[in-house]
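The structure appears below as structure tokens.
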Amino acid sequence: MNEAVSLPPDSLAELAAPDLQRLAARMAQDAFTRLFRLGLEGDDAALQSAVAGIERLSRNWVRAAEGEDARALRLALLVTGIDQWGLAWCQAFGLTAIPGISALLGALRNGLDVAEDARFQQKFAAIGQAECNAIDFKMELRRNIHLALWHAMIACDDRDEALALLAALGGMLTALAKQMPTLGWRLVADALAHIQLRCLSEGAASTELARETNAALFTALRQNLPREISEPMFAHANQAVVAWQRSRRPELVEGRAGLRQAQPERWFQVR
């Protein structure tokens, strides 16, 4: 986001500062992860208890905001985040529903009076009305969704399952870049940079199948996006990786900087 200064301002930042937006994205992720895990375990009592507990904590957080509009925006951020996690997982894993998610989303809106519901709907719509609205929330949310699906993909031992996740993740990233013409490619570049940092710092994608699907993801993005989108996207991501390398191993900068700059595609494993 080095070019953020030239972009339109976030019209929702006055009601929800960047740190709070990122917190909302993490809260949505935590809520989804917990309910998804309990749903897999099949413990209905534990799932219902978790829905009630998450609803209570969420309401307390929403009520802590100053002003009706700020409270409505906090609720809209939580609902948006949980809903997007659910949609992504249903798309990636072929699910029709995720136990607990619908119940939580319904519970979070239950009890709103007419005026509160109208404010909620207005803020919910405002998040998507402009690309820059709640941009820190969107960046945190999409990064974590994409990385979670990527980790699931590279952890697969079954080739068909890995390829299905590859198709789903590649489709999501491609759609995001096209649906948000100003900021979408920056959000994708952020995810790609973090994927590469996981590979470099943690040795992720170390199996043959994981390396194959990881390379195929980058290749698919380059092939399915126009050059005017893909070139700055990969350049942005590559710059982030190089900056990380320089901060971690400054003694190697002089010896390898030329190689990285001359062969960014090899360095970034897009072919």
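Just so it is clear, the values below take in all heavy atoms, side chains as well, and ignore hydrogens, waters and symmetry mates. Throughout, residue positions are numbered sequentially from 1 according to the sequence presented.
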Would you call [X] and [Y] a side-chain contact if the rule is heavy atoms closer than 4.5 Å?
{"X": "Ile98", "Y": "Leu35", "result": "no"}
{"X": "Ile54", "Y": "Met27", "result": "no"}
{"X": "Pro99", "Y": "Leu47", "result": "yes"}
{"X": "Arg159", "Y": "Glu212", "result": "yes"}
{"X": "Ile135", "Y": "Leu183", "result": "yes"}

Within the side chain of [X], is there an N or O that forms a donor-acceptor pair under 3.5 Å with the backbone of [Y]?
{"X": "Thr213", "Y": "Ala210", "result": "yes"}
{"X": "Asp136", "Y": "Gln21", "result": "no"}
{"X": "Ser247", "Y": "Trp244", "result": "yes"}

Inter-residue atom distance [X].[atom1] - [Y].[atom2], 0.5 Å rounding:
{"X": "Cys199", "Y": "His194", "atom1": "SG", "atom2": "NE2", "value": "13.0 Å"}
{"X": "Ile154", "Y": "Leu166", "atom1": "CD1", "atom2": "CG", "value": "12.5 Å"}
{"X": "His236", "Y": "Asp190", "atom1": "NE2", "atom2": "CG", "value": "9.5 Å"}
{"X": "Gln29", "Y": "Leu141", "atom1": "CD", "atom2": "CG", "value": "8.5 Å"}
{"X": "Phe218", "Y": "Gln196", "atom1": "CZ", "atom2": "CD", "value": "4.0 Å"}
{"X": "Leu108", "Y": "Phe120", "atom1": "CG", "atom2": "CZ", "value": "8.5 Å"}

Q.
Quick one, Lys138 with Glu131, criterion salt bridge (charged side-chain N to carboxylate O under 4.0 Å, His left out). Give me CA distance, side-chain angles, the key distance, then yes/no.
A. CA-CA 9 Å; Lys138 292 173 182 175; Glu131 291 185 40; over 6 Å; no

Taking all non-hydrogen atoms of both residues, which atom of [X] and which atom of [Y] are closest, and how far apart?
{"X": "Glu55", "Y": "Leu104", "value": "N-CD1, 4.0 Å"}
{"X": "Leu225", "Y": "Met233", "value": "CD1-CE, 3.7 Å"}
{"X": "Asn224", "Y": "Thr174", "value": "O-CG2, 4.1 Å"}
{"X": "Ala189", "Y": "Ala237", "value": "O-CB, 3.5 Å"}
{"X": "Asn110", "Y": "Arg59", "value": "O-NH2, 2.7 Å"}
{"X": "Leu112", "Y": "Glu116", "value": "CA-OE1, 3.4 Å"}

> If we ignore angles and hydrogens, is there a donor and acceptor under 3.5 Å between the side chains of Asn133 and Ser11?
Replying inline: yes

Hydrogens and angles aside, do Gln122 and Asp69 bring a side-chain donor and acceptor to less than 3.5 Å of each other?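 There is no such pair (donor and acceptor under 3.5 Å, judged by atom type) between the side chains of Gln122 and Asp69.
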
I'd like to know whether [atom1] of [X] has more than 12 heavy-atom contacts from other residues, nucleotides or ligands below 6.0 angstrom.
{"X": "Arg26", "atom1": "CZ", "value": "yes"}
{"X": "Glu202", "atom1": "CD", "value": "yes"}
{"X": "Arg63", "atom1": "CZ", "value": "yes"}
{"X": "Asp157", "atom1": "CG", "value": "no"}

Verdict with supporting geometry, Arg198 and Trp150, side-chain contact (heavy atoms from CB on, under 4.5 Å): CA-CA 10 Å; Arg198 295 290 193 279; Trp150 177 76; 3.8 Å; yes

Any Lys/Arg nitrogen of Arg71 or Glu66 sitting under 4.0 Å from an Asp/Glu carboxylate oxygen of the other?
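Between Glu66 and Arg71 there is no salt bridge, as every charged N stays at least 4.0 Å from the carboxylate O atoms.
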
Give a yes or no on whether a salt bridge exists between Glu140 and Arg143, defined as a side-chain N under 4.0 angstrom from a carboxylate O. yes

- Task: Is it possible for you to say whether Leu209 and Ile195 belong to one hydrophobic cluster, with membership spreading through side-chain heavy-atom contacts below 4.5 Å?
- Result: no

Same cluster (ILVMFWY, side-chain, under 4.5 Å), Phe124 and Leu105: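 Shared cluster, yes.
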
Is Arg22 positioned over the aromatic face of Phe137, cation under 6.0 angstrom from the ring centre and no more than 45 degrees off axis?
->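 Checked: cation-pi criterion not met.
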
Please determine whether side chain to side chain donor-acceptor pair (under 3.5 Å) holds for the pair Asp44 and Gln48, giving the CA-CA distance in whole Å, both sets of side-chain angles, and the decisive distance to 0.1 Å.
CA-CA 6 Å; Asp44 290 340; Gln48 292 175 13; 5.8 Å; no

Checklist entry - Passes side-chain contact (heavy atoms from CB on, under 4.5 Å), Leu38 versus Glu41? Steps please. => result CA-CA 5 Å; Leu38 289 172; Glu41 293 174 357; 3.6 Å; yes

Mind listing the side-chain donor-acceptor pairs of residues 73-96 below 3.5 Å, one per line with the distance, residues two or more places apart or on another chain?
unit_1	atom_1	unit_2	atom_2	d
Arg74	NH1	Trp61	O	2.6
Thr80	OG1	Ala76	O	2.7
Gln84	OE1	Arg142	NH1	2.9

Exercise for review: Please assess Phe36 against Ile101 for the test side-chain contact (heavy atoms from CB on, under 4.5 Å), listing each intermediate value before the final yes or no.
Suggested key: CA-CA 8 Å; Phe36 182 72; Ile101 298 300; 5.9 Å; no

